[in-house]
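Here is the naming used below: chain letters follow the sequence lines, and residue numbers restart at 1 for every chain.
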Amino acid sequence: MPNSRPRWTRSSGTTRAERSIAGNTAGPGEILRAMTQPIRVRMAPSPTGDLHVGNARTALCNYLMARRLGGAFILRVEDTDAQRSDASHEEGIYEGLRWLGLDWDEGPNVGGPFGPYRQSERQDIHGEAVQQLLATERAYYDYTTAEERAAEREQQRAEGQPQRYSGMGRNFTAAEIAERKAAGVVPAVRFRADPKPVRFDDIVLGTIRAGPDEVDDFVIARGDGSALYNMAVVVDDEHMRISHVVRGKDHVSNTFRQVLLYEALGWTPPAFAHLPLVVNRRRQKFSSRDGAQWVGEYRTQGYLPEALVNFLIFLGWAPGDEREIFSLEELVREFRLERVNRADAVFDPQRLDHFNGVWIRRLDLDDLAKRAWTYASAGGLELRPDQRGYFRSALELEYERLSHLNRTAELMDFFFDDDLVPDMRQVRYRRHSAAETARALELVAGLVDATEPFDDPTLEARMRALASDLGWKAGDLFMPTRIAVTGRKATPPLFATMEVLGRQRCRERLQRALAGLAKLATA
RNA sequence: GGGGCAUUCGUCUAGCGGCCUAGGACACCGCCCUCUCAAGGCGGAGAUCGCGGGUUCGAAUCCCGCAUGCCCUACCA
């Protein structure tokens, strides 16, 4: 095993100032290390659900580091808990990552030189390491029973003592062990954690220390021989030559144990970077009751992956100047772990919406049309393949009104409803009665027939002239016309809309509006 | 109970001992633009930088204490 791993060094100081200085000057050093040791980062989700937004952010940070430094981004599925893991979730995770635009270099579905990439398929490798610890007496078989441990915990709690495993299983005599075996006790393997302080340097958090009694004799392998999380992670990260472990802050306490395992196995730990958590308004771990939890939900809700990426990266990171719109590519160039904050960040859906709007307006029309078409069909709009051009023209008008892609159908349905019957009761007949309005719309209908060319500027000129002839304010004529032609009060600019709708649709809708108005007038 | 970490407008953040009577963005309010709705432009309100000590000529920035919050404390990951 190589005994020097690439890493970003950081002074032991933990102030933002020191971190930043380290960050700003880390460039050349990083590159140097990148040339001598490959940068390899990983994302290690448990398949207990689809891609969670918190995991998505972790994946993003790993991806950005890998791409910026020319390293490898590895996906490892941590499915050692058979109870909770479900293979069907694996595909959901892949889909989420792909949708976000995060591609990986090694993983269960793509293979790679350090496979297998599913933890459940690595049991033998973990087992060897467990045996090594057993052989060097850094671990032991623990024949205590669950009842004994529960009793110990209960007593500790009652006495207000720290709840820690005392290591009572260390010193059974051969006779006691035989007795327990006979009684059917299946031993777990515990790490022999001798009292000593533990510390590690974290790229985000600085130096982290724990006192000598913090880590107890934790279990590294179950009675059935399978390795537990901390053991499996260490073995896999080592065997996969992971250079930087970038993960959520909720793993800090685990890191103490893992550092001890690296040491006991004679391995050099990777560099660590613990990201602040994404939390809800009450500042607790973000979950489903706080909004959509899975990345896939954001997709169906009409968010752009660009927007989610942009939003997520700003949870705990900022470039240091006042820019805040970043594409994935730009982030690859700009993102630095050293600039990541340590405080947890509240997930603010309104801010996500803002980014979504910004990114929708940034897309070029063809791209937007392609994406919106799918949502529009899913949203119930009946679109014929030959209507792509028409759809595009209509969408062009709705551009800055489209906040979420899944609202495409509701925003644009009036363009496609050939049986549209405008509800003229929406008009406020304050200045002009229904009868007067009907007379005016007759003239509009005539104008629609006669206007040539049937386009935005010409229509506007003719309509303004008509309003003036009538002695009406322009708006008083435009609103009934808008409702007649679109069926709604809020639309894109009227004459551009009419141009896109075309003469025929306008004519038909005006006639139906007039029919409706006639009923209104008699009623 | 123990340990670890954190704390700047409601929210995301800038801040690296004097450029800070704390900057930007979201949300909110107002005005402008305007045929409606948006988008856009301009402006407003909003943070005694969690609290208390200290160091310093000078502290949001450094140190100590306290409070609060979060995470971990499984034969889960």
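- Between Gly475(A) and Phe355(A), the residue anchored nearer the 5' end of RNA chain B, judged by the nucleotide with its closest heavy atom, is Phe355(A).
- For the pair Asn341(A) and rU7(B), the criterion of a side-chain N or O lying under 4.0 Å from OP1 or OP2 is not met.
- Side-chain proximity of Arg401(A) to rA77(B), rA6(B), rC37(B): nearest is rC37(B).
- Look at the P atom in both rA25(B) and rA45(B): the space between them is 15 Å, to the nearest Å.
- The closest side-chain heavy-atom distance from Ile93(A) to Asn55(A) is not below 4.5 Å.
- The shortest distance between the side-chain N/O atoms of Arg323(A) and the OP1/OP2 oxygens of rG24(B) is not below 4.0 Å.
- Relative orientation of the Phe272(A) and Phe200(A) rings is perpendicular, given thresholds of 30° and 60° on the angle between their planes.
- Here rC35(B) presents its P atom at 18 Å from CZ of Arg428(A), a figure rounded to the nearest Å.
- Taking atom P in both rC31(B) and rG15(B), the straight-line distance is 36 Å, to the nearest Å.
- Here the P atom of nucleotide rA38(B) and the CZ atom of Arg488(A) are 14 Å apart, to the nearest Å.
- Summarising the base pairing, rG40(B) is matched to rC32(B) through a Watson-Crick or G-U wobble pair whose two defining distances lie under 3.5 Å.
- Atoms CG (Asp321(A)) and P (rA25(B)) sit 13 Å apart, rounded to a whole Å.
- You'll find the side chain of Pro319(A) reaches within 4.5 Å of the side chain of Phe314(A), heavy atoms only.
- Comparing the C1' positions of rU61(B) and rC16(B) gives a spacing of 7 Å, expressed to the nearest Å.
- Taking the six-membered ring for Trp, Phe172(A) and Tyr143(A) have ring centres at least 6.0 Å apart.
- Salt bridge status for Lys249(A) with Asp202(A): absent, with no side-chain N to carboxylate O gap under 4.0 Å.
- Closest to the side chain of Glu322(A), from the set rG24(B), rU36(B), rG2(B), is rG24(B).
- In this structure, Arg190(A) is positioned above the aromatic face of Tyr165(A), its NZ or CZ under 6.0 Å from the six-membered ring centre and within 45° of the axis.
- For rG43(B) and rG17(B), the P atoms lie 31 Å apart once the distance is rounded to whole Å.
- Residue contacts shown for Phe314(A) are limited to sugar-phosphate atoms, with no base heavy atom under 4.0 Å away.
- Among the protein residues, Leu315(A) comes within range of the sugar-phosphate backbone only, with heavy atoms under 4.0 Å from sugar or phosphate atoms but none that close to a base.
- The residue Ala474(A) sits apart from the nucleic acid: no heavy atom pair falls under 4.0 Å.
- Here Arg392(A) does not pair with Glu396(A) in a salt bridge; the nearest charged N to carboxylate O distance is not below 4.0 Å.
- Residue Met479(A) has its side chain nearest to rU36(B) when only rU36(B), rG10(B), rA14(B) are considered.
- Separation of the P atoms belonging to rC63(B) and rU55(B) is 15 Å when rounded to the nearest angstrom.
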Using a cutoff of under 3.5 Å, can you pull out all pairs of nitrogen or oxygen atoms linking the protein to nucleotides 40-47 of chain B, with atom names and distances?
unit_1: rG40(B); atom_1: OP1; unit_2: Arg361(A); atom_2: NH1; d: 3.4

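- Arg157(A) is not listed as a side-chain neighbour of Arg153(A), based on a closest heavy-atom distance of 4.5 Å or more.
- Summarising the geometry, the separation between NE2 on His354(A) and P on rA38(B) is reported as 17 Å, rounded to the nearest angstrom.
- Within the 4.0 Å cut-off from OP1 or OP2 of rC37(B), not a single side-chain nitrogen or oxygen of Thr491(A) is found.
- Atom C1' of rC71(B) sits at a distance of 26 Å from the matching atom of rC9(B), rounded to the whole Å.
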Query raised in the report: Just by protein heavy atoms under 4.0 Å, how would nucleotides 69-75 of chain B read 5' to 3' in B, S and -?
Result: -SSBS-B
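- Salt-bridge annotation for Glu306(A) and Arg362(A): absent, with no side-chain N of the basic residue lying under 4.0 Å from a carboxylate O of the acidic one.
- Put simply, the side chain of Phe355(A) does not reach to within 4.5 Å of the side chain of Tyr303(A), judged on heavy atoms.
- Between Asp423(A) and Arg425(A), at least one side-chain N (NZ, or NE/NH1/NH2) sits under 4.0 Å from a carboxylate O, which counts as a salt bridge.
- Checked by distance alone, Arg342(A) brings no side-chain donor or acceptor within 3.5 Å of a matching partner on the base of rC5(B).
- One can place CD of Gln350(A) at 9 Å from C1' of rC28(B), the figure rounded to the nearest angstrom.
- Shown here, rG52(B) forms a base pair with rC64(B); the pair counts as Watson-Crick or G-U wobble because both key distances fall under 3.5 Å.
- Taking every side-chain heavy atom of Arg482(A) into account, rC35(B) is the closest of rC16(B), rC35(B), rA38(B).
- Straight-line distance between the C1' atoms of rG10(B) and rA47(B): roughly 11 Å, to the nearest whole Å.
- The pair Asp237(A)-Arg42(A) meets the salt-bridge criterion, with a side-chain N (NZ, NE, NH1 or NH2) lying under 4.0 Å from an Asp/Glu carboxylate O.
- Closest to the Glu324(A) side chain, of the nucleotides rG24(B), rA77(B), rC26(B), is rG24(B).
- No donor-acceptor pair under 3.5 Å is formed between the side chain of Arg122(A) and the backbone N or O of Asp236(A).
- When both pairing distances are held under 3.5 Å, rC9(B) makes no Watson-Crick or G-U pair with any nucleotide shown.
- If you take CG of Asp86(A) and P of rA77(B), they are 16 Å apart, rounded to a whole angstrom.
- Residue-level contact check: Pro45(A) touches neither bases nor backbone, having no heavy atom under 4.0 Å from any strand.
- The base of rA25(B) lies close enough to the side chain of Arg351(A) for a donor and an acceptor atom to sit less than 3.5 Å apart.
- Here the C1' atom of nucleotide rA27(B) and the CZ atom of Phe347(A) are 15 Å apart, to the nearest Å.
- Using atom C1' as the reference point in both rU8(B) and rA60(B), the two lie 7 Å apart (nearest Å).
- Spacing between atom CH2 of Trp472(A) and atom P of rU36(B) amounts to 16 Å, rounded to whole angstrom units.
- Of the two residues near RNA chain B, Ile208(A) and Pro276(A), the one whose nearest nucleotide lies more 5' is Ile208(A).
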